[in-house]
Amino acid sequence: MKQQTVNYPWFKKEDTDAFFALFQNNLANFVIISVTMLGMGFPASLVFGKVIPGAAVAVIFGNLYYAYMANRLAQKEGRTNVTALSYGISTPVMFVFLFGVLLPANAFTGDPELAWKIALAACFISGLIEVLASFTGRWLQRTLPRAAMLGALAGVALTFIAGEMLFNTLEMPVVGLFVLAVILLGIVGKVSLPFKIPASLFAVVVGTGLAFSLGYAEWGVVAEGASHLGFYPILPSLAVFEGFTYLFGGMIALLAVLLPITIYNAIETMNNVEAMKAEGDSYNVAECQAVDGAGTMLGALFGGLFPTTVYIATVGAKWMNAGRGYSILNAAVFFIAASFGIIAALSAIIPVAVVAPILVFVGISMVSTAFGKNKQKYYPAVAIAMLPYFANYLMTRFNNEAGTVLNELSPGIVPLGEGAMFTGILLGSITVCIIDHRFKGAALFSFVAAVLSFFGLMHAPEIGIGAAVDFALGYVLVGAFLGSYHLKDLRVVKNAKSVSKAEAA
C-alpha cells in the first residue's frame, strides 16, 4: 500500500521567530570570528573574503540537509509538526580553533595566510574524524542515559549561553532588559506583539533603535559597517591541502588538540539530537554526526576553518513550533550575507546586547528540557552532570590567570573543568545507574572515566599517558566499590534461585 504524502509546509509563520534566533546565533559566532581574527592581525581580505564565505558554505549545506531530513521524518511519521534541526558553527569548538589552533599556528609561522592554511587542514581532519565517529552514534545514544546527556548539555546552556548572554544583556541595561522582556513576552508568554511582528524581529529592530537613540551605540559604526559591503565570491580553495604539509610537520602537536575537541563535538551533536528526541522528533544521530563532519570538511574546502554541529537552539525552535522553513531561510540569507559582506556590516551595527536576550531564551529552554524530559528521580543526575561546565566556564573566562586565581578558591575547579563534557556525562551516567540500582553499569561507567582520565581526556590540560593518575585511581576505587554491590546482588539472586529449587524439590 502506497504511503500517503503529508503536506509538510516549506515555510510557516512560526518559522520567522526561529529563523531570527538561529540567524542571530550564527551571526554572533561570525561576529566573534571576525573581531578575533582581525585582532590577531589577519587581514580583512582573508577574513571577509575567505573565512566568512567558507564558514557560510558549511552552514548553508547543513541547513539545507537538515530541512531535507525534517521533510523525510514528516513523511515517515505522517505529521506536520516536525522541526528541522538547527545547525551552525559549534561555539565552544570555535573558541578552541581560534585560540588553540589558529593562534599558535600564527605564532609559530609568523605568516597569517600560512596559519590559516594549517587551521584549514586541522578543520578538515576534525570533520573526517566526526564522520568516522558517526558509526558509533546509535550505540552511544542507546548506552548513555538521557539524564546524563541532557544534563551535560544543560551545563553548557546555563553557563556559556544563558549565563554569558545575560551578562552581555545587562551591559546595556535599558536596552537589554527591554529586549529580554520582549523575548519573554512574545516567545515564552506567547503574547501577540504590535502589528503581529515576530518577537525576535521586533526585539532586534526596536532594541537597535533604542541603543542608538540612547547613546549606547555610536552612529559611526554604521559607516564602518557599510565599508565592509562588497562582493565576496564563494569559491573553493586548494589551501587546505597546502596546510596538511605543515600540520603533519612542525605543527603536529595540534593533533592532540583535535581529537578531544572533535569527540566533544560529536557528543554535542548526539546530545542535541537526544534533546529533540525528548521533544518528539527522533532523528538518526549517526546520520547527523556524519552530516556535521561532512559540512565541516566542505567548509574547509572553501576556506572556512570552524567545525559545525547540531545546535542547542533546536529545542528553542521546537518550542516556537517551527518547521523546516527557518532552516531553509537561514541558508538562503547566509548565502547572500556572506557573498555581499552583510555579515560584516551587521556585526558592526547591531549591538551584542540586542542579540544576547534571544540566546538567553535558547539557554533556559535547554535547561528546562533537561529537567522536564526526565523523571523527577533523575533530577540529581541532571544536576551533577551540569556542574563540570560551571568549572569549565570559570577556567575559560579567567584564561591564563585560572591557575592562580581559581586555585585560591579551590584546586579542584580547573581539573573539573577540563574535559567537562566527558566528566558531566559520566558522572550523570553513574548517578542514573545508582538511582536505578544498576551497579554493574555504574561500575563500568566509573572504569571508563578512569581510562579517559589516565589518558588526559578528562581532568588534565592535555592528552598523555598518566595525565591524571589521581583521578584515574579515584574512579577505579569507585568502580570497585560499586561493582561489589553488583556482586552482592548476584549472590542474593543466586541464593534465591537455590532456595526456590530446594522448595520445588
| Criterion side chain to side chain contact (heavy atoms under 4.5 Å, CB included) on Y283 and K277, from CA distance to verdict | CA-CA 7 Å; Y283 288 100; K277 182 179 179 181; over 6 Å; no
| Is there a donor-acceptor pair closer than 3.5 Å between any side-chain N or O of N71 and the backbone N or O of A67? | no
| remark: Between the OG1 atom in T309 and the CD atom in Q289, the distance rounded to the nearest 0.5 Å is 9.0 Å
| field | side chain to side chain donor-acceptor pair (under 3.5 Å) assessment of T314 paired with N272 | value | CA-CA 7 Å; T314 301; N272 290 329; over 6 Å; no
| message | Hydrogens and angles aside, do Y87 and T308 bring a side-chain donor and acceptor to less than 3.5 Å of each other? | response | yes
| Residue pair E279, T369: steps toward the side chain to side chain donor-acceptor pair (under 3.5 Å) verdict | CA-CA 8 Å; E279 293 290 340; T369 293; 3.1 Å; yes
| task | Test ring pair (Phe, Tyr, Trp, His ring centres under 6.0 Å) on F447 and Y475 and set out the steps. | result | CA-CA 6 Å; F447 292 137; Y475 284 119; over 10 Å; no
| Any side-chain heavy-atom pair from L103 and L98 closer than 4.5 angstrom? | no
| query | If you measure from OH on Y378 to CZ on R146, what distance do you get to the nearest 0.5 Å? | reply | 11.0 Å
| message | For I413 versus A391, what's the shortest heavy-atom pair and its separation? | response | O-CB, 3.3 Å
| request: Answer yes if the ring centres of Y393 and F390 are under 6.0 angstrom apart, and no otherwise. | output: no
| field | Test log, rule side chain to side chain contact (heavy atoms under 4.5 Å, CB included), inputs F481 and S446 | value | CA-CA 10 Å; F481 176 64; S446 300; over 6 Å; no
| task | For residues S453 and A472, report the shortest heavy-atom separation together with the two atoms involved. | result | CB-N, 3.9 Å
| said: Using modelled atom types and a 3.5 Å cut-off, is there a donor and acceptor pairing between side-chain atoms of H486 and backbone atoms of F439? | reply: no
| Counting N and O atoms only, with roles assigned by atom type, does the side chain of N106 sit under 3.5 Å from a partner on the main chain of L102, one being a donor and the other an acceptor? | no
| field | C433 side chain near F445 side chain, heavy-atom distance below 4.5 Å | value | yes
| request: Examine distances only and state if a side-chain atom of S429 and a backbone atom of L144 form a donor-acceptor pair shorter than 3.5 Å. | output: no
| field | L184 side chain reached by F361 side chain, heavy atoms, under 4.5 Å | value | no
| Nearest-0.5 Å distance, CE of residue M421 to CE of residue M149 | 11.0 Å
| Taking atom CD1 of I89 and atom CD1 of I33, what is their separation to the nearest 0.5 Å? | 3.5 Å
| message | For residues 282-306, which residue pairs pass the salt bridge (charged side-chain N to carboxylate O under 4.0 Å, His left out) check, not counting sequence neighbours? | response | R72-E287
| task | For a side chain to side chain contact (heavy atoms under 4.5 Å, CB included) with M320, tell me which candidate from V315, T83, D17 qualifies. | result | D17
| task | Supply the atom-to-atom distance N265 CG to E130 CD, rounded to the nearest 0.5 angstrom. | result | 5.0 Å
| query | Tell me, which pairs form a salt bridge (charged side-chain N to carboxylate O under 4.0 Å, His left out) where one or both residues lie in residues 298-326, sequence neighbours left out? | reply | D281-K318
| message | Quick check: closest heavy atoms across A115 and A105, and the distance to 0.1 Å? | response | CB-C, 3.7 Å
| field | Note, T159 side chain near M386 side chain (heavy atom, < 4.5 Å) | value | no
| Pair Y66-M69, side chain to side chain contact (heavy atoms under 4.5 Å, CB included): steps then yes or no | CA-CA 5 Å; Y66 284 128; M69 281 186 70; 3.6 Å; yes
| field | 4.5 Å side-chain heavy-atom contact, K440 and L444 | value | yes
| Stepwise, does the side chain to side chain contact (heavy atoms under 4.5 Å, CB included) test hold for V360 with N168? | CA-CA 10 Å; V360 173; N168 289 334; over 6 Å; no
| request: Might you point out which heavy atoms bring N284 and A286 nearest each other, and give the distance in Å? | output: OD1-N, 2.9 Å
| message | Under 3.5 Å, is there a donor on one side chain and an acceptor on the other for Y311 and S90? | response | no
| query | Any side-chain heavy atom of V451 sitting closer than 4.5 Å to one from F455? | reply | yes
| Side chain of Y8, backbone of V82: donor and acceptor closer than 3.5 Å? | yes
| query | Would you call the rings of Y65 and F61 parallel, tilted or perpendicular if under 30° counts as parallel and over 60° as perpendicular? | reply | tilted
| said: Taking the six-membered ring for Trp, are F471 and F454 closer than 6.0 Å centroid to centroid? | reply: no
| Shortest non-hydrogen contact from G428 to A381? | O-CB, 3.7 Å
| query | Are the side chain of D15 and the backbone of G323 linked by a donor-acceptor contact shorter than 3.5 Å? | reply | yes
| request: Could you tell me if the ring centre of Y326 sits under 6.0 Å from that of F19? | output: no
| task | Give a yes or no on whether the ring-centroid distance for F30 and F334 is below 6.0 angstrom. | result | yes
| message | So, taking the atom named SG in C288 and the one named CE in M276, what distance separates them when rounded to the nearest 0.5 Å? | response | 10.0 Å
| note | Tested for side chain to side chain contact (heavy atoms under 4.5 Å, CB included) against P388, the lone hit among V156, L426, L416, I425 is L416
| task | Would you mind reporting whether L473 and L477 have side-chain heavy atoms less than 4.5 Å apart? | result | no
| field | Residue pair T296 / F124, side-chain heavy-atom distance below 4.5 Å | value | no
| query | Should K377 and D436 count as an ion pair when the cut-off is N to O under 4.0 Å? | reply | yes
| Quick check: does any side chain N or O of N392 sit under 3.5 Å from a backbone N or O of G417, one acting as donor and the other as acceptor? | yes
| task | Verify, without hydrogens or angle tests, whether E418 (side chain) and A460 (backbone) share a donor-acceptor contact under 3.5 angstrom. | result | yes
| task | Give the minimum heavy-atom separation between A58 and G299, together with the two atoms involved. | result | CB-CA, 4.0 Å
